[in-house]
Number of protein chains: 2
Amino acid sequence: MAQDTKTNLLDIAETAARSRGFDGFSYADLAEAAGIRKASIHYHFATKAVLSAALMDRYHASVEQVCADIEATHQSAADRLAALATFYRNALGGGETLCLCVAFTISRDSLVDEVKDKIVAFRSMMTRWITALFELGKQDGTISTTSTPEAEAHATLATLEGAHLAAHAEHDLAAFDKATKLLLAR
Amino acid sequence: MAQDTKTNLLDIAETAARSRGFDGFSYADLAEAAGIRKASIHYHFATKAVLSAALMDRYHASVEQVCADIEATHQSAADRLAALATFYRNALGGGETLCLCVAFTISRDSLVDEVKDKIVAFRSMMTRWITALFELGKQDGTISTTSTPEAEAHATLATLEGAHLAAHAEHDLAAFDKATKLLLAR
DNA sequence: GTCTATACTGCGATAGAC
DNA sequence: GTCTATCGCAGTATAGAC
């Protein structure tokens, strides 16, 4: 049951962090949502820095798995790109939750160096995966590209994250769709 | 001299907010940077909510003016788009400062409704301006578009803001250039 | 593993002297 | 307009009982 509490805390903290940023949630918030006292959280995560690192680790692994699943279930580059956009769209929670990487990026100065590095590592992993996607697109001809796969990948990641921001700002999924419409029309 | 202090405080607060978000700076930070006591700040801005509203108002007006200046000094749509990207690039402060609208979006839940509305209004203003830019691009043929001007505008704003995030995450202007390379190559 | 109790720090905000 | 002083609250973190 100890492990369940820890996972439960990670779930609650992830939602909170992705909704309000690293500075926007406290141990008191987590305690209330988890139904335990805030002092008890320190048993599972000694400091908030430790918690933030655990969040990024789990998020990185989780998204990496999603990418692997997309590869396994979608053959063409166009299908994979569409699946990636759908994943980002579903990750929004109706405009409530951003990508953890985006949420942490704004709170940058409150994070320990270790976590900042994890953000960069996450971005690097995503860029590499999307680059490979566009390389496939060049081969199978299902995506019309105008530049190198790497340039397309950086632009795609920026657009997806910017679309997340738009939906969060407007609190409306439609903003995400408007911003990504172009991405999917090729 | 009173007005100077107020403007000075706005300048300091804007940099702080764009670097670390709304939750990431305090009256104590501003006081130290301005060389006065934190209690004195309340004379100029009674509450932090009032300060945040003033910041958004000034930012909105300032960016709107930049857009007007771009129209006055750049004739073709392609030139105007390039000038807009350059403005965003310069606004980065080497990866330190985001667009205020982006920085506030993540701190959404700490903001009063009035300021949330100002964020939406700012985004609406920008989208309208960029839409007009792409409408011109259709006429003068200096930008190759693949969709409606409005869809292009939403995608462009998302990409610019996403590129800002990328540069902030990596603390490197090169990340902005990589993400916007595609935008400018058309 | 979770609790109560508490230490310490920093926050936004206010009162009132100058 | 700016100051000192202080309030009340919330933040992370720790000690020690159970």
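Everything numeric here is computed off the predicted structure, so don't read it as measured data. Just so we're on the same page: letters track the sequence lines, and every chain starts at 1.
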Q: Between atom OH in A:Tyr43 and atom C1' in D:dA13, what is the gap in whole Å?
A: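 Roughly 17 Å, once rounded to whole Å.
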
Q: Mind running a 4.0 Å heavy-atom check of residues 47-55 of chain A against DNA chain D and sending the residues that fall below it, in number order?
A: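 When residues 47-55 of chain A is checked for heavy atoms under 4.0 Å from DNA chain D, the hits, listed by number, are A:Thr47, A:Lys48.
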
Q: Filter on ring pair (Phe, Tyr, Trp, His ring centres under 6.0 Å), then keep only pairs touching residues 100-122 of chain B, sequence neighbours left out; what's left?
A: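 Ring pair (Phe, Tyr, Trp, His ring centres under 6.0 Å) check on residues 100-122 of chain B returns B:Phe22-B:Phe104, B:Tyr59-B:Phe122, B:His60-B:Phe122.
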
Q: For DNA chain D, which residues in residues 30-42 of chain A have a heavy atom at a distance below 4.0 Å?
A: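 When residues 30-42 of chain A is checked for heavy atoms under 4.0 Å from DNA chain D, the hits, listed by number, are A:Lys38, A:Ala39, A:His42.
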
Q: Which other residues end up in the same hydrophobic cluster as B:Leu182, if Ile, Leu, Val, Met, Phe, Trp and Tyr are linked when side-chain heavy atoms come under 4.5 Å apart?
A: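 Members besides B:Leu182: none; it forms no cluster.
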
Q: State which residues pass ring-ring contact (aromatic ring centres under 6.0 Å, His included) with B:Tyr27; sequence neighbours excluded, sorted by chain then number.
A: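 Counting only residues at least two positions away or on another chain, B:Tyr27 forms a ring-ring contact (aromatic ring centres under 6.0 Å, His included) with B:His42.
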
Q: Strictly by salt bridge (Lys or Arg N to Asp or Glu O under 4.0 Å), give each pair with a member in residues 37-58 of chain A just once, sequence neighbours left out.
A: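 Every salt bridge (Lys or Arg N to Asp or Glu O under 4.0 Å) pair that includes a residue of residues 37-58 of chain A, provided the two are not neighbours, is A:Asp11-A:Arg58, A:Glu14-A:Arg58, A:Asp57-A:Lys118.
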
Q: Taking only residues two or more places apart in sequence or in another chain, which ones pass ring-ring contact (aromatic ring centres under 6.0 Å, His included) with A:Phe45?
A: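 Here no residue qualifies.
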
Q: Ion pair present between B:Lys181 and A:Glu150, side-chain N to carboxylate O less than 4.0 angstrom?
A: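 No, B:Lys181 and A:Glu150 are not salt-bridged.
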
Q: Whole angstrom is fine here: how far is it from OH in B:Tyr27 over to P in C:dT9?
A: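 After rounding, the reported distance stands at 24 Å.
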
Q: Applying side-chain contact (heavy atoms from CB on, under 4.5 Å), can you list everything that pairs with A:Asp23, at least two apart in sequence or on another chain?
A: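 A:Asp23: side-chain contact (heavy atoms from CB on, under 4.5 Å) contacts with A:Ser107, A:Ser110, B:Asp23.
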
Q: Hey, what else clusters with A:Ile106 if you join Ile, Leu, Val, Met, Phe, Trp, Tyr whenever side-chain heavy atoms sit under 4.5 Å?
A: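 Traced through the cluster, A:Ile106 reaches A:Leu98, A:Val102, A:Leu165, B:Leu98, B:Val102, B:Ile106, B:Leu165.
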
Q: Taking side-chain contact (heavy atoms from CB on, under 4.5 Å) as the test, write out the residues that go with B:Ala185, two or more places apart.
A: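 Checked B:Ala185 against side-chain contact (heavy atoms from CB on, under 4.5 Å); zero matches.
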
Q: Under the ring pair (Phe, Tyr, Trp, His ring centres under 6.0 Å) rule, what pairs show up with a residue in residues 137-183 of chain A, not counting sequence neighbours?
A: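 Non-adjacent pairs meeting ring pair (Phe, Tyr, Trp, His ring centres under 6.0 Å): A:Tyr88-A:His164, A:His164-A:Phe176.
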
Q: Residues of residues 11-26 of chain B with any non-hydrogen atom less than 4.0 angstrom from an atom of DNA chain C: list those, numerically ordered, please.
A: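 Heavy-atom cutoff 4.0 Å gives B:Phe25, B:Ser26.
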
